[in-house]
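Heads up, the thing below is written out as structure tokens.
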Amino acid sequence: MSRLEGKVAIITGGANGIGLEAVRLFGAEGAKVVIADFDVETAEKRETELRNKGFDVSAVKVNVANRASVNEMVDFTIKQYQQIDILINNAGITRDAMLSKMTEEQFKQVIEVNLTGVFHCTQAVLPHLINQGKGKVINTSSVSGTYGNVGQTNYAAAKAGIIGMTKTWAKELGRKQINVNAIAPGFTETSMVESVPDHIIEGLKKQVPMGRLGKPEDIARAYLYLASEDSNYVNGQVINVDGAIMM
Ligand code: CAA
Ligand code: NAI
């Protein structure tokens, strides 16, 4: 049986990488999916490709750092599908630099997209989840948020902040039958990791007992678990999907 039949999911950052894999997987499981991305040209291409395969997906431009843009994303979803059941807060950016060199602009940009963006999207979707009488919010933390990472003061702060928000919202929203959980992926093969120098990647692989980086599908499958009925009593959790890199 399709695990997300009849459900409507918004996946931010759904045009590329982990988000795109989640769009495909959720579509295959019967969900109607909004591909909400800043990179609208790619999102629209994905919409066409996936509609041709019989999936019910729709692209919309959003900048999660901008409240008005997020409200438009939610209005679009309601107009298109009349309900929202699942929000995957997946959009994210890096602006890596050592603490001694990080600019205030680099710090602010990452906090605004990776942390404030999650606040905006969840708050905007909330009335619709309450209206449904249940819902699932899945946030995307990172191994950098749980353990820290060289060159990522801004990113680690945002990803650690996401864990605090996840646990707070689980406590606030549990009584509304809304589950809020997070995935903390390890280093995963997407364009985000392409900027990391090769020698650092090789070093990282050696630290993973499973001997490889994550694949987008590894993370998307964890999103699916948290979005599906299989996790109805799982709330406020951060699931590490990282091949045990830092265990
Ligand atoms: N662990 C230990 N030491 C490290 C290191 C690491 N991961 N990364 C860099 N260093 C060391 C370097 O070897 C170097 O040492 P020496 O001075 O002894 O030579 C020193 O730190 C300075 O490094 P750089 O010469 O590279 O400094 P830079 O200013 O040119 O660049 C940087 C700094 C941009 C942070 C660069 O080192 C870099 O890109 N590092 C990787 C950052 C990273 O891991 N980003 C993750 C992106 S993927 C992602 O974010 C997804 C996720 O959730 C995990
Ligand atoms: P990616 O760079 O392949 O995809 C990110 C997507 O987010 C892109 O489509 C981009 O256009 C979109 N985006 C960026 N800023 C946006 C904004 N302001 N509004 C809307 N969309 C925006 O990256 P990847 O790897 O797929 O990352 C997905 C999530 O997983 C991110 O939150 C990232 O921090 C997290 N993550 C990634 C890891 C990795 O190693 N790739 C490890 C741990 C966490």
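Counting starts at 1 for both ligands and their atoms, in listed order. Along the sequence shown, the residues carry numbers beginning at 1.
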Near ligand 2 (heavy atom, under 4.0 angstrom), the protein residues are Gly13, Asn16, Gly17, Ile18, Asp37, Phe38, Asp39, Val62, Asn63, Val64, Asn90, Ala91, Gly92, Ile93, Val113, Thr140, Ser141, Ser142, Tyr155, Lys159, Pro185, Gly186, Phe187, Thr188, Thr190, Ser191, Met192, Val193
Exercise. If two hydrophobic side chains count as joined below 4.5 Å and joins carry through other members, does Phe76 share a cluster with Val8?
Worked result: yes
Distance filter under 4.0 Å, heavy atoms only, around ligand 1 gives Thr94, Asp96, Met98, Lys101, Ser142, Val143, Ser144, Asn149, Val150, Gly151, Gln152, Tyr155, Phe187, Met192, Val193, Val196, Pro197, Ile200
| request: Verify, without hydrogens or angle tests, whether Asn181 (side chain) and Gln237 (backbone) share a donor-acceptor contact under 3.5 angstrom. | output: yes
I'd like to know whether Arg51 forms a side-chain hydrogen bond (donor to acceptor under 3.5 Å, both in side chains) with Ser58, so could you lay out the CA-CA distance, the side-chain angles of the two residues, the decisive distance to 0.1 Å, and finally the verdict. CA-CA 9 Å; Arg51 280 187 177 260; Ser58 301; 3.1 Å; yes
Next on the checklist: Walk me through whether Tyr233 and Asn179 qualify under side-chain hydrogen bond (donor to acceptor under 3.5 Å, both in side chains).
Outcome noted: CA-CA 8 Å; Tyr233 200 53; Asn179 306 56; over 6 Å; no
Tracing side-chain contacts under 4.5 Å among Ile, Leu, Val, Met, Phe, Trp and Tyr outward from Ile35 reaches Leu4, Ile11, Ile18, Val23, Leu25, Phe26, Val33, Leu50, Phe55, Val57, Ile86, Ile88, Ile138, Ile183, Ile219, Tyr223, Leu224, Tyr225, Leu226, Val234, Ile239, Val241
With a 4.5 Å heavy-atom cut-off, do Val62 and Glu72 have their side chains touching? no
Nearest heavy-atom contact between Pro209 and Gly243 is CD-O, 3.2 Å
Could you tell me if Asn89 and Thr122 have a donor-acceptor pair between their side chains, going purely by distance under 3.5 Å?
yes
The remaining residues in the hydrophobic cluster of Met98, counting side-chain heavy-atom contacts under 4.5 Å among Ile, Leu, Val, Met, Phe, Trp and Tyr, are Val150
